[in-house]
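Presented below is the structure to which this report refers.
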Amino acid sequence: MTLILASSSAIRRALLEQAGVSFRVERPDVDEARIEATHAGHDFELALSLAEAKAAEVSTRHSGDWVIGGDSVVSVEGRRFMKPRDRDDAADHLLHFSGKAMRLVSAVALARNGELEWNHISDAVLHFRPLSEEFIQAYLDAEWPDVSYCVGVFRMEGLGVTLFDEVEGDHFTILGLPLLPLLGALRERGLMAS
Ligand SMILES: Nc1nc2c(ncn2[C@H]2C[C@H](O)[C@@H](COP(=O)(O)OP(=O)(O)OP(=O)(O)O)O2)c(=O)[nH]1
């Protein structure tokens, strides 16, 4: 029996590796846009649906193996933001975020043989400080294209921390994976040492 991470996310892989979890990675084959279109305005449901869809899809291709799926969704004042298309889009996102509160929802799911066995959702609120256009360009000079893979246009473990006045919520949730509940679920299933 193998544990699989159904994700292309480098940070999700790194978090599991740093926790000493033995797993392998496989990219999920999920039509995220179709699922997103059916969950307008409901970030918690969308994050969970996407995490579950990724885990279930990969688990149907690997009989008996446990599969982890994850997803993060961000909204600012009720408007959902996807990953930036390019650097100019990233600058536009950050200018919009300036001085506002972002809600970041991260969901994680476990599946086996196409059946969803466990999930956890958590959210965080990140308060952006006022960002000047000059600061945004200097930030992107340092962080682009690395943050092009990050839904909030930041890496909290890097310069992203300079964007905020205050952050409320679990650090791992912000990175994209509610790690502590997941590790508990893995222990309960004998997928890592208790
Ligand atoms: N390194 C880092 N990445 C972050 C941070 N906040 C969010 N992210 C990343 C985690 C995810 O890779 C990405 C959110 O996009 P998704 O949840 O759609 O996952 P992604 O498409 O990257 O991979 P996946 O769908 O799981 O194959 O943003 C952060 O503070 N640091």
Side-chain angles (χ1 to χ4, degrees), residues 3-19 21 23-39 42-59 61-62 66-76 80-85 89-90 93-94 97 101-111 116 119-129 139-140 142-164 166-179 182:
L3 179 62
I4 300 171
L5 173 62
S7 176
S8 60
S9 169
I11 191 67
R12 293 193 176 113
R13 186 170 64 247
L15 289 173
L16 288 176
E17 287 169 347
Q18 289 158 13
V21 179
F23 67 100
R24 65 182 180 80
V25 174
E26 179 142 351
R27 280 177 179 269
D29 180 15
V30 166
D31 181 351
E32 296 197 34
R34 182 186 58 76
I35 297 172
E36 279 156 12
T38 60
H39 288 72
H42 301 285
D43 292 353
F44 281 75
E45 291 83 350
L46 174 59
L48 180 57
S49 293
L50 288 168
E52 291 184 330
K54 296 172 195 178
E57 191 277 323
V58 171
S59 77
R61 292 191 268 120
H62 298 276
W66 285 95
V67 182
I68 302 166
D71 196 80
S72 296
V73 174
V74 302
S75 292
V76 173
R80 183 180 298 158
F81 285 81
M82 313 314 283
K83 292 180 205 170
R85 293 187 304 276
D89 197 32
H93 283 195
L94 291 167
F97 297 163
M102 170 185 282
R103 186 180 65 185
L104 188 156
V105 179
S106 286
V108 58
L110 276 175
L116 292 158
N119 70 68
H120 182 89
I121 308 175
S122 60
D123 68 325
V125 177
L126 302 98
H127 299 271
F128 280 83
R129 64 186 184 79
Y139 169 82
L140 290 174
E143 289 289 287
W144 191 265
D146 291 333
V147 293
S148 63
Y149 305 101
C150 303
V151 69
V153 197
F154 61 81
R155 295 185 293 176
M156 189 56 88
E157 72 278 18
L159 280 180
V161 72
T162 66
L163 300 174
F164 306 103
E166 181 186 358
V167 169
E168 305 162 71
D170 171 59
H171 177 68
F172 299 112
T173 293
I174 293 167
L175 295 184
L177 189 71
L179 184 62
L182 173 61

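Residues take their numbers from the sequence shown, with the count starting at 1. Whatever order the structure lists them in is the order used to number ligands and atoms, beginning at 1.
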* Part of Arg27 with heavy atoms under 4.0 Å of ligand 1, whether side chain, backbone, both or neither -> neither

* Among protein heavy atoms, which lies nearest atom 19 (O) of ligand 1, and at what distance? -> Arg12 NH1, 3.0 Å

* **Side-chain heavy atoms of Glu36 within contact of Leu50, under 4.5 Å** => yes

* Structure fact -> heavy-atom search around atom 8 (N) of ligand 1 in the protein gives Leu175 O, 3.5 Å

* Asked: Going by atom types only, do His127 and Glu168 share a side-chain donor-acceptor pair under 3.5 Å?
  -> yes

* Do me a favour and list the nearest non-hydrogen protein atom to atom 6 (N) of ligand 1 with residue, atom name and distance? => Ile174 O, 3.0 Å

* Would one find an N or O of Cys150, backbone or side chain, under 3.5 Å from an N or O of ligand 1? -> no

* Please state which part of Ile11 comes within less than 4.0 Å of ligand 1, counting heavy atoms only: side chain, backbone, both or neither. => side chain

* To do: Could you tell me the residue and atom name of the protein heavy atom closest to atom 11 (C) of ligand 1, and the distance to it rounded to 0.1 Å?
  => Ser9 OG, 3.7 Å

* Proximity to ligand 1 by part of Phe154, non-hydrogen separation under 4.0 Å -> both

* Asked: Closer than 4.0 angstrom: is that true for some heavy atom of Ser72 and an atom of ligand 1?
  -> yes

* Pull out every atom of ligand 1 sitting under 4.0 Å from any heavy atom of Glu32, numbered as shown with elements. => 25 (O)

* Would Arg61 and Glu26 satisfy salt bridge (Lys or Arg N to Asp or Glu O under 4.0 Å), going step by step from the backbone distance to the final call? -> CA-CA 10 Å; Arg61 292 191 268 120; Glu26 179 142 351; 2.3 Å; yes

* Is Arg129 atom CZ crowded by more than 12 heavy atoms from other residues, nucleotides or ligands, each under 6.0 Å away? -> yes

* Asked: Can you tell me the protein heavy atom closest to atom 23 (O) of ligand 1 and the distance?
  -> Ser8 OG, 3.4 Å

* Quick one: which ligand 1 atoms are inside 4.0 Å of a heavy atom on Ser7? -> 23 (O), 24 (P), 26 (O), 27 (O)

* Polar proximity ligand 1 side, Met156 side, N/O cut 3.5 Å exclusive -> yes

* Looking only at heavy atoms, what is the nearest atom pair of Ser106 and Thr173, with distance? -> OG-O, 2.7 Å

* Below 3.5 angstrom, do we get any N/O pair linking Arg155 and ligand 1? -> no

* For atom 14 (C) of ligand 1, grab the closest protein heavy atom and report residue, atom and distance to one decimal in Å. => Val151 CB, 3.8 Å

* For ligand 1, which atoms have a heavy atom of Asp71 less than 4.0 angstrom away? -> 16 (P), 17 (O), 18 (O)

* If you measure only the distance, is there a donor-acceptor pair under 3.5 Å linking the side chains of Ser75 and Asp43? -> yes

* So Phe154 and Phe128, would you call those rings parallel, tilted or perpendicular, with 30° and 60° as cut-offs? -> perpendicular

* Among all protein heavy atoms, pick out the one at the shortest distance from atom 22 (O) of ligand 1; state its residue, atom name and that distance to 0.1 Å. => Lys83 NZ, 3.2 Å

* To do: Find out whether Val58 and Leu5 are in side-chain contact, i.e. whether some heavy atom of one side chain is under 4.5 Å from a heavy atom of the other.
  => no

* Taking Arg12 for the side chain and Gly176 for the main chain, is one N or O donor matched with an acceptor at less than 3.5 Å? -> yes

* To do: May I ask you to list the atoms of ligand 1 that are less than 4.0 angstrom from any heavy atom of Tyr149?
  => 9 (C), 12 (O), 13 (C), 28 (O)

* For Lys54 and Gly69, which heavy atoms make the closest approach, and how far apart are they? -> CB-CA, 4.4 Å

* Structure fact -> shortest atom 31 (N) of ligand 1-to-protein heavy-atom contact is with Glu157 OE1, 2.9 Å

* Asked: For Gly169 and Ile174, which heavy atoms make the closest approach, and how far apart are they?
  -> O-CD1, 4.3 Å

* Would the number of heavy atoms belonging to other residues, nucleotides or ligands and lying under 6.0 Å from CZ of Arg85 be above 12? -> no

